Number of protein chains: 2
Amino acid sequence: METTGFARHDHGACIRDGVTAVAEHCRAEGLQFTPVRRRVLELLLEGHRALGAYDILDRLREEGLGSQPPVAYRALDFLVKNGFAHKIERLNAFVACACPGESHMPAFLICRKCDKVAEAEADMREGKLAQSAAEAGFHIERAVVEAEGLCPNCSGAAA
Amino acid sequence: METTGFARHDHGACIRDGVTAVAEHCRAEGLQFTPVRRRVLELLLEGHRALGAYDILDRLREEGLGSQPPVAYRALDFLVKNGFAHKIERLNAFVACACPGESHMPAFLICRKCDKVAEAEADMREGKLAQSAAEAGFHIERAVVEAEGLCPNCSGAAA
DNA sequence: TCGATCTTGTGATAATGTAACAGAGGGCGG
DNA sequence: CCGCCCTCTGTTACATTATCACAAGATCGA
């Protein structure tokens, strides 16, 4: 389980490591880690927060890296398709993946106060839901699991 | 667990009962079950499928019940807020609730072939995810759980 | 009946996401 | 080196999903 993101940590390293890991993965798999894609990943890593495609586009625009929606969406598609980022359906927004490259069924803990997002592992192919799905004859392939609530910092600070 | 919707059943009764249950609930709670709201609920009950807001709006328009987006969205908001319907985030679409009025943490099984949706119960406040959330100090209030795969009918018929 | 409140009608617009096509650049066989 | 193919980028236009604001109608209790 990867519930860092709420805990205090060396965030500079967090970004550097994230980018490095993805860069290596791309090299290993023959994927092109272009400037736009790198920059989008950095933006996503910046806050352990979900960013909307248009937030990202604004940043890219400021930096002269592209100005039209497809630029942002293509970079995001690339990152999502290759498991370097995830889409949070509930927010129509995106976060960097906590363990890039590993294929997994991610679950997310979203703080409704500070908007931080932590990633956890929740393989829905086991557990109670999977069991009743199996009983009904339903075969689960993918799952969106997004829990909303209060993170430790916010739940301490105020109700 | 309520995984009907995939199983064969008396669907006429299914709609009637759904509407009746909601009507009674509204009477009991002093909520107005207006024609638009009733019709939207019927449309949602019609197919155990998720319908987009604009699909619904089209039907309402044909029937002279309203022609602008807010009409559909307001009816849907009413149904969702009172637990008579749910939004499927992954599809930007809506389904009727399988057990109207009961407060619960619904999970959904979405068939990627026939688009049918079944509702199941998956209280995320227990189970492995809840446990690691608790360890991280995160308090889960609500959860979106949407599993995608093949329903029994489609998985039998073809891959 | 009056007023408070909830509901609906409507036009406008915001936010999110895609399609389609032209051009830039790089690798690679000729 | 040239031309071809492929991927990535730039840009216009558009599609889909969702909300705001305000006026008018319906409902209900005092």
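In the text below, chain A, chain B and the rest are named by the order of the sequence lines, each starting its count at 1. The shown structure was predicted, so the numbers you read here are calculated from the model rather than taken from an experiment. No hydrogens, no waters, no symmetry mates; every other heavy atom, side chains included, goes into these values.
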For A:L51 and C:dT16, what is the distance between atoms CG and C1' respectively, to the nearest whole Å? 15 Å
Distance, rounded to the nearest Å, where A:D58 contributes CG and C:dT16 contributes P: 10 Å
Are B:T34 and C:dT8 close enough that a side-chain N or O sits under 4.0 Å from OP1 or OP2? yes
Minimum heavy-atom distance B:F78-B:Q32, with the two atoms named: CZ-O, 3.8 Å
Could you tell me how far apart A:L76 (CG) and D:dT9 (P) are, to the nearest whole angstrom? 12 Å
How close do B:K87 and B:N92 get, counting heavy atoms only, and between which atoms? CE-CA, 4.2 Å
First of B:P35 and B:P69 reached from the 5' end of DNA chain C, by closest nucleotide: B:P35
Rounded interatomic separation in angstrom, taking CG from B:L65 and C1' from C:dT7: 14 Å
Return the nearest nucleotide to the side chain of A:Y73; candidates are C:dT16, C:dT10, D:dG10. C:dT16
So, does the side chain of A:R74 form a donor-acceptor pair with the base of C:dG17 at under 3.5 Å? no
Taking CZ from B:R90 and P from C:dT16, how many angstroms apart are they, rounded to a whole number? 18 Å
Output the rounded distance in Å from CD (B:E89) to C1' (C:dT16). 14 Å
B:F33 and B:L41: CA distance, side-chain angles, deciding distance, side-chain contact (heavy atoms from CB on, under 4.5 Å) verdict: CA-CA 10 Å; B:F33 195 39; B:L41 177 65; 3.8 Å; yes
Parallel, tilted or perpendicular: which one describes the rings of A:F84 and A:H25, with boundaries at 30° and 60°? perpendicular
Check the phosphate of D:dA18 against B:N92, side-chain N and O only, distance under 4.0 Å to OP1 or OP2. Yes or no? yes
Nucleotide nearest A:P70 (side chain, heavy atoms from C-beta), chosen from D:dT19, C:dA19, C:dG17: C:dA19
Between D:dA18 and B:Y54, counting only base atoms on the nucleotide and side-chain atoms on the residue, is there a donor-acceptor pair under 3.5 Å? yes
Closer than 4.0 Å, any side-chain N/O of A:K87 to the OP1 or OP2 of C:dT16? no
5′-ward residue of the pair B:F94/B:Q32 relative to DNA chain D: B:F94
Interatomic distance, A:L31 CG vs D:dC8 P [rounded to whole Å]: 8 Å
Return the value, rounded to whole Å, for the distance between atom CD1 of B:I56 and atom C1' of D:dT16. 15 Å
Taking the minimum atom-to-atom distance to the side chain of B:Q68, which one of D:dA18, C:dG11, C:dG17 wins? C:dG11
Would you call the rings of B:H48 and B:H11 parallel, tilted or perpendicular, taking 30° and 60° as the class edges? tilted
If you check every side-chain atom of A:R37, which of D:dT9, D:dT17, C:dG17 has the closest atom? D:dT9
